[in-house]
Number of protein chains: 2
Amino acid sequence: MADVAHATGVSSMTVSRAFKDDASVSKQTRDRIREAADALGYVIDSTASGLSSRKTGFVAVIIPSVSNANFADTLRGLTEGLRETNLQILLGYSDYDVKEEERLVELFLRRRPEAVIVTGGTHTDRCRRFLVNAGVPVVEMWDLPHEPIDQVIGFSNAQAGRLMVQHFVERGYERIGFIGGDTSRDARGADRRAGFLQALCDSGLEATRLVAFGTPPITMREGARAMKQMLSQWPNTQAVMCVSDLSAFGAMTECQRSGLRVPEDMAIGGFGSYDLSEHAIPAITTIDVGARNIGRQAAMRIVALLSSTSQGNWEPMQIEPELIVRHSS
Amino acid sequence: MADVAHATGVSSMTVSRAFKDDASVSKQTRDRIREAADALGYVIDSTASGLSSRKTGFVAVIIPSVSNANFADTLRGLTEGLRETNLQILLGYSDYDVKEEERLVELFLRRRPEAVIVTGGTHTDRCRRFLVNAGVPVVEMWDLPHEPIDQVIGFSNAQAGRLMVQHFVERGYERIGFIGGDTSRDARGADRRAGFLQALCDSGLEATRLVAFGTPPITMREGARAMKQMLSQWPNTQAVMCVSDLSAFGAMTECQRSGLRVPEDMAIGGFGSYDLSEHAIPAITTIDVGARNIGRQAAMRIVALLSSTSQGNWEPMQIEPELIVRHSS
DNA sequence: GCACTGATTGTTATCGCTACCAAAGGGCCG
DNA sequence: CGGCCCTTTGGTAGCGATAACAATCAGTGC
């Protein structure tokens with residue numbers, strides 16, 4: 001920076017200002033400085049400016065997985081929402097593991113982010129302590145935690161499960177099953193299942209046809225295997241909700257390979273509104289939570305909270321899962 | 001940090017050392033310091049340590065899209081490869097736009113990453129200048145650039161196109177088409193198409209059945225529309241290669257909706273070896289480039305380059321695309 | 001002409017940490 | 001017992017920027 005200052009004949013302070021958007025430098029000087037910087041190949045050092053100004057421009061974001069289209073969509077929404085700000089995303093994924101989430105949170109807090117966004121409301125104690133003491137806005141998304149740490153942009157996963165049961169019941173199905181992964185790791189998947197079971201009970205239906213298979217996120221392959229198990233254990237099952245569209249697709253192809261017609265012999269419901277479920281034949285009934293919108297809303301809230309002017313009370317934002325009925329049910 | 005030092009009765013220098021892996025501090029002192037830090041809620045500041053030590057621990061990674069399972073896999077490979085180091089990924093995605101890539105590279109260089117990984121060998125002039133002058137290892141992956149900037153871990157996209165033609169020809173198909181997106185943005189997709197066309201010509205076959213539809217990455221929907229156009233323009237087409245498995249799936253479902261049997265009436269080939277193509281009915285013939293492995297290799301090379309001991313000459317690493325024959329062709 | 005205002009630029013002192021060098025303490029050997 | 005080495009700890013300067021204040025200058029109104 002001193003070099004650029006010298007080359008332009010100004011002080012380094014002026015160079016610093018030339019690279020800030022809102023600083024008062026004459027347009028002429030700024031242009032000259034920018035030009036000189038480009039010629040010298042100078043790139044401003046955010047590390048130093050972050051230290052000095054105590055603003056790093058980072059937003060730490062932790063999602064369970066990047067391979068999951070839903071979280072990828074949320075990430076996209078976040079990116080879009082932060083595009084015009086000078087905030088940058090520091091992304092980590094936890095592999096659906098709260099211990100790994102804790103590791104990432106600690107790692108990321110070292111970078112002094114200006115906000116932290118995590119997925120879900122389930123954390124280790126140590127992780128929770130980190131977040132509470134972070135001293136910056138924290139957003140929990142994709143869930144409605146009982147004891148929020150700070151901000152919440154989410155929806156009720158149990159509600160999603162109930163919606164699907166309601167739909168199956170309206171269609172006249174009575175012997176209804178659920179396919180998911182191990183519930184120990186994926187708290188949101190477990191919530192969907194819990195809501196699903198509760199709704200079955202409320203409707204006076206048997207709630208025993210559960211297959212849990214593989215570590216989340218469960219894939220098409222595991223969905224297929226789980227359906228195979230479902231069919232051998234409860235052959236007269238009429239409808240199955242799957243914890244995700246991917247497993248729903250796997251389950252559906254398993255039915256088709258077994259010569260079952262969907263939905264006549266077996267109705268299928270998924271979750272997540274993947275492109276896949278729209279294009280599969282038959283198209284798969286699913287639940288849309290507006291993953292991209294969740295990201296966008298989280299970004300908007302972060303931006304609002306950081307622009308100190310706004311001083312609203314920030315209620316949890318509750319998003320309504322929406323059932324999308326297609327041909328598979 | 002001074003607080004922790006005071007609480008433990010040591011100097012801040014010793015506290016600093018207690019948080020480094022290789023520093024010489026007695027185990028006893030280190031434990032006491034760590035304990036005190038935890039109690040005080042102290043988290044070390046990487047911003048400051050980065051400034052002081054000139055090691056930020058960042059690796060800048062730019063991929064075209066996170067919604068694309070292939071790049072998500074590469075990212076996963078990278079993460080795995082860097083897990084045990086103290087390097088952290090700074091991720092950005094360019095939306096298949098070299099101008100956006102330039103913006104990201106400039107943004108990321110401000111963070112003083114210790115290495116930069118970009119996707120593909122096509123960049124704007126300014127971006128290329130940035131990368132050349134970055135002063136840190138640069139890896140171009142997913143392609144074999146004619147004029148590499150530094151390190152290369154990639155494969156020939158043209159080769160991928162040729163492989164599929166070869167396969168179609170062996171199967172006896174003669175009227176062969178290609179479905180892709182606008183070629184102006186996706187250089188790698190364009191390369192696949194170029195290799196495809198070249199191979200058709202080499203086999204003495206007509207190379208005119210091209211449908212380009214939508215901005216990359218093209219989706220299932222666009223694959224379906226493109227197939228519709230293909231069928232109306234060249235109804236007697238026997239086989240089609242699609243630029244990705246997603247578009248291949250969309251194209252295949254369009255055939256099925258039109259009452260065409262796959263592969264008897266229309267053979268389909270994709271690219272990328274998505275889970276989807278394995279589970280679709282019929283399963284889709286595709287090309288596997290080992291996306292995860294590319295990420296892993298890139299990580300390994302970065303790690304090797306940064307541990308100054310190794311002083312090999314680093315040839316481009318050329319990965320061989322592999323044809324996976326399934327039932328759709 | 002003079003005080004006053006607003007726009008632009010310069011000076012100085014940090015931000016929180018680590019590199020570098022120095023020094024203290026303990027064990028071993030001749 | 002002195003000298004040497006090794007382990008562990010401390011002091012100081014500086015990494016590259018910005019915050020906060022000070023200073024300069026031109027224009028304005030009276």
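Naming: A, B, ... by sequence-line order, numbering from 1 per chain. Please read these numbers as outputs of a predicted model, since none were measured by experiment. What's counted below: heavy atoms across the whole structure, side chains too, no hydrogens, waters or symmetry copies.
Spacing between atom NZ of A:K55 and atom C1' of D:dG16 amounts to 19 Å, rounded to whole angstrom units. When rounded to the nearest whole Å, the span between CG of B:L51 and P of D:dA13 equals 18 Å. In this structure, A:H6 atom NE2 and C:dT9 atom C1' are separated by 17 Å, rounded to whole Å. Atom pair A:F19:CZ and D:dG16:C1' shows a separation of 13 Å (rounding to whole Å applied).
A:M300 CE: 12 or fewer foreign heavy atoms inside a 6.0 Å radius.
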I'd like a list of close polar pairs between nucleotides 10-14 of chain C and the protein, N/O only, cut-off under 3.5 Å.
from: C:dG10; atom 1: OP2; to: A:S11; atom 2: N; distance (Å): 2.8
from: C:dG10; atom 1: OP2; to: A:S11; atom 2: OG; distance (Å): 3.0
from: C:dG10; atom 1: OP2; to: A:T14; atom 2: OG1; distance (Å): 2.7
from: C:dG10; atom 1: N7; to: A:R17; atom 2: NH2; distance (Å): 2.8
from: C:dG10; atom 1: O6; to: A:R17; atom 2: NH1; distance (Å): 3.4
from: C:dG10; atom 1: O6; to: A:R17; atom 2: NH2; distance (Å): 3.4

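Counting heavy atoms from C-beta on, the side chains of B:L90 and A:F58 come closer than 4.5 Å.
Using a distance-only test at 3.5 Å, with no hydrogens or angles considered, no donor-acceptor pair links the side chain of B:S11 to the main chain of B:A5. Of the possible polar contacts, one joining the A:R32 side chain to the A:T8 backbone as a donor-acceptor pair under 3.5 Å is found. Of the possible donor and acceptor atoms, one in the side chain of A:E140 sits under 3.5 Å from a partner among the backbone N and O of A:I149. In terms of modelled atom types and a separation under 3.5 Å, the side chain of B:S53 and the main chain of B:K55 share a donor-acceptor contact. Using a distance-only test at 3.5 Å, with no hydrogens or angles considered, no donor-acceptor pair links the side chain of A:S46 to the main chain of A:T56.
Out of D:dA17, C:dA19, D:dA19, the shortest distance to the side chain of A:A48 is found at D:dA17. Distance from the side chain of B:S26 is smallest for D:dT9 among the nucleotides D:dT9, D:dC15, C:dT9. Checking C:dA19, D:dG16, C:dG16 against the side-chain heavy atoms of A:D45 singles out D:dG16 as nearest.
OP1 and OP2 of C:dC17 both lie 4.0 Å or more from every side-chain N or O belonging to B:T47. A close approach under 4.0 Å does occur between a side-chain nitrogen or oxygen of A:R54 and OP1 or OP2 of C:dG16. For C:dA7, the OP1/OP2 oxygens have no side-chain nitrogen or oxygen of A:K27 closer than 4.0 Å.
Contact between B:S67 and A:D73 at its shortest, heavy atoms only, is OG-OD1, 4.5 Å.
A donor-acceptor pair shorter than 3.5 Å can be found between the side chains of B:D45 and B:T47.
The stretch residues 28-44 of chain A comes close to DNA chain D through A:Y42, A:I44, each having a heavy atom under 4.0 Å from the strand.
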